[in-house]
Amino acid sequence: MAAASSGDEAPDNEDYYALLNVRREATQEELKAAYRRLCMLYHPDKHRDPELKRQAEQLFNLLHQAYEVLSDPQTRAIYDIYGKRGLEMEGWEVVERKRTPAEIREEFERLQREREERRLQQRTNPKGTVSVGIDATDLFDRYDEEYEDVPGSSFPHIEINKMHISQSIEAPLTATDTAILSGNLSTQNGNGGGSVNVALRRVTSAKGWGELEFGAGDLQGPLVGLKVFRNLTQRCFITTNCALQFSRGLRPGLTTVLARHLDKNTMGYLQWRWGIQSSMNTSIVRDTKTSHFTVAFQLGIPHSFMMISYQHKFQDEDQTRVKGSLKAGFFGTIMEYGAERKISRHSILGATVSIGVPQGVSLKIKLNRASQTYFFPIHLTDQLLPSAIFYATAGPIVIYFAMHRLIIRPYLRAQKEKELEKQREDTASDTLQKRQEAEAAVRLMQESVRRIIEAEEARMGLIVLNAWYGKFVNDQSRRNEKVKVIDVTVPLQCLVKDSKLILTEASKAGLPGFYDPCVGEEKSLKVLYQFRGVLHQVMSSDNEALRIPKQSHRIDTDS
């Protein structure tokens, strides 16, 4: 079917809704009213100059095309899903009159699923972890008496005492079957080992899946396991994992987890483990847009503990999070606190300070890069030394802000400029065409704008004095940034009707007389207007709906 290939093509950037200045949910009456008004403004018969008449015909035909598409439920549904290019594909002329908009959307979702299945065949979804343990206790727990006569003893001795590397890849076999290959290598104080695991996962239904696992290694020996997941109800599911490990005899193990949605943001878990380390665990996890809270209790052999943790999520573009936890049990007590922050599009950097008895003080640094995790636990001291706690806390903060200012920020700025430059080059010809069309549209509007201003002046109505669209900058750099703002006074005045100007929630670049002066950058619209003889001013973001006039836009001339 011709439609099957359409989703892989880039969508057309012509926005018919913005061109007619209507909402995407506009009714047929709203579409008809907007179309009739714009036709009256841009009708070719209103111009005698051959060049203006030709330009008016182009804009008039574009308006007519937009209305034809949006006024027909079938073509509108296709346009909403596929864009303008979807209307140009072969095959729709056979089915569009026989299908409702809902059926067309269902067809699109089916095609999306088929494309996703094809993508699965090519995706391995690699995941990996690299952990490097560092022993830095010589920084704080030195025995100076023993090292007085040893050459080089004035320098602290820092060493890597353990390392762990794990990697896994997934190979989709069919739409329901996936093969998973994983392996790991570990070494500690000169001793090491590794293992290799192969698993086959099958999705049995919309409610569950099963996974069969085989493993072998020089540490755990041969392993056979079976994992089953099942949705019991809409709010409850269970996971069971049983394993047979052939190491120093037959060692069976069983783990069962029962989970239930307590409310929209809260999950409750009950876990029972039998085998090598038997235990019972219950936990409650609450995850919201701004926080993550966990409380857990475990009774088992050899570990029983109580744990509580809290994480606060800041709503900034760097996705900053601060967290703290307290864990107490038969093994002792551990308190942890730390933070993590996004440092690039695909990288998150975090640091955690761990203070425990009898574990001592450690600093844990973690870097998530796409699907790879790099973990560096640094053991600082076996004792609770205030100096170790201070340096573990202040050191990462100072280093991060220094790196962010000297390395990360300049790198991200250079990357953004590079991407913007490439985007501008790719869209240079299209931008030039849009600019020429906008300038032609402004010339066509002059006579209509003159009549609108005369009518508004007679009634002391709405007159747009100045309007600018684009990226606004500070005064120091305005000289270099003038090209990023365009004058849209005439196009806005042309949209005034009965002393009102209403713009929908869409990019203003699609309005007649507008174009994008700074591709890929954030844009705003600034309007200075007069209503009933009083000056008003407003600035709104590009995709924000705008209604003029408003009392809140009034300029207080007394101040």
Side-chain angles (χ1 to χ4, degrees), residues 116 125 127-129 131 166 168 170 180 201 203 206-209 211 227-241 255-273 279-300 303-329 333-356 364-375 377 396-397 400:
E116 184 62 26
N125 192 23
K127 296 179 182 179
T129 301
S131 177
S166 64
S168 68
E170 296 181 0
I180 305 169
R201 180 184 301 163
V203 179
K207 292 186 176 182
W209 51 264
E211 182 177 296
K227 183 183 292 186
V228 178
F229 170 86
R230 180 74 177 179
N231 278 313
L232 302 179
T233 66
Q234 289 184 346
R235 301 170 60 90
C236 185
F237 65 86
I238 187 171
T239 303
T240 300
N241 184 12
T255 301
T256 300
V257 179
L258 178 65
R260 179 178 174 81
H261 289 273
L262 303 180
D263 62 32
K264 179 181 178 181
N265 300 308
T266 309
M267 289 287 298
Y269 297 90
L270 290 174
Q271 182 187 76
W272 176 60
R273 178 180 295 170
S279 65
M280 293 187 67
N281 181 295
T282 180
S283 60
I284 296 177
V285 179
R286 180 169 178 80
D287 189 28
T288 66
K289 187 178 180 180
T290 59
S291 64
H292 183 94
F293 175 78
T294 303
V295 59
F297 299 90
Q298 176 170 304
L299 181 63
H303 296 304
S304 295
F305 64 84
M306 177 190 72
M307 187 270 290
I308 184 171
S309 70
Y310 177 79
Q311 182 181 96
H312 184 75
K313 308 172 187 177
F314 291 91
Q315 301 303 302
D316 57 357
E317 63 179 35
D318 294 323
Q319 301 178 10
T320 306
R321 301 185 179 189
V322 294
K323 53 188 177 181
S325 67
L326 180 65
K327 188 175 182 180
T333 302
I334 298 176
M335 181 182 71
E336 293 187 343
Y337 58 89
E340 65 178 37
R341 199 174 194 184
K342 188 176 181 180
I343 59 175
S344 70
R345 182 181 301 175
H346 304 292
S347 300
I348 298 176
L349 180 64
T352 303
V353 179
S354 177
I355 306 169
K364 303 174 182 178
I365 298 174
K366 183 171 70 171
L367 174 65
N368 287 331
R369 173 70 178 172
S371 59
Q372 301 294 313
T373 300
Y374 304 91
F375 187 53
I397 297 175
Y400 169 77

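In this text, all values refer to a predicted model and were calculated from it rather than measured experimentally.
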Quick check: are there more than 12 heavy atoms from other residues, nucleotides or ligands sitting under 6.0 Å from CD of Q315? yes
CD/E170 to NZ/K127 distance, rounded to the nearest 0.5 angstrom? 5.5 Å
Determine, step by step, whether E340 and K323 satisfy the side-chain contact (heavy atoms from CB on, under 4.5 Å) criterion, reporting the C-alpha distance in whole Å, the side-chain angles of both residues, the deciding distance to 0.1 Å, and the verdict. CA-CA 9 Å; E340 65 178 37; K323 53 188 177 181; 4.1 Å; yes
Trace of the side-chain contact (heavy atoms from CB on, under 4.5 Å) decision for K364 with K366: CA-CA 7 Å; K364 303 174 182 178; K366 183 171 70 171; over 6 Å; no
Listed partners of Q311 passing side chain to side chain donor-acceptor pair (under 3.5 Å), at least two apart: R321
Mind listing the closest non-hydrogen atom pair of K313 and K289 along with its distance? CD-O, 3.5 Å
Return all side-chain donor-acceptor pairs below 3.5 angstrom for residues 255-262, not counting sequence neighbours, or 'none' if the list is empty.
none

Check T266 against R286 and note the closest heavy-atom contact, atom names and distance. OG1-NH1, 2.7 Å
Return the set of residues passing side-chain contact (heavy atoms from CB on, under 4.5 Å) with V322 (not counting sequence neighbours), or none when no residue passes. H312, F314, A339
By side chain to side chain donor-acceptor pair (under 3.5 Å), Y337 pairs with (sequence neighbours left out) T393
To the nearest 0.5 Å, what is the distance between CG (L270) and OG (S283)? 8.0 Å
Begin from the C-alpha positions of M306 and L326 and carry the test side-chain contact (heavy atoms from CB on, under 4.5 Å) through to its verdict. CA-CA 8 Å; M306 177 190 72; L326 180 65; 5.9 Å; no
Looking only at heavy atoms, which two atoms of T333 and A328 are closest? And how far apart? OG1-CB, 3.9 Å
Note, M335 side chain near V353 side chain (heavy atom, < 4.5 Å): no
Any side-chain heavy-atom pair of E211 and I180 under 4.5 Å: yes
When rounded to the nearest 0.5 angstrom, what distance separates OG1 in T240 from CZ in F229? 11.0 Å
Can you list everything that forms a side chain to side chain donor-acceptor pair (under 3.5 Å) with N265? Sequence neighbours excluded, please. none
Is there a side-chain contact between Y374 and I365, using heavy atoms and a 4.5 Å cut-off? no
How about K227 and W209: do any of their side-chain heavy atoms sit closer than 4.5 Å? yes
In Å and rounded to the nearest 0.5 Å, what is the CD to OG1 distance from Q271 to T282? 10.0 Å
Hey, is the main chain of H303 close enough, under 3.5 Å, to the side chain of Q298 for a donor-acceptor pair? yes
Which heavy atom of E317 sits nearest a heavy atom of K342, and at what distance? O-CD, 4.4 Å
Contacts of S347 meeting side chain to side chain donor-acceptor pair (under 3.5 Å) (sequence neighbours excluded), chain-then-number -> S344, R369
Working to the nearest 0.5 angstrom, can you tell me the gap between R230 CZ and C236 SG? 12.0 Å
Taken to the nearest 0.5 Å, the spacing of F293 CZ from S309 OG works out to 7.5 Å
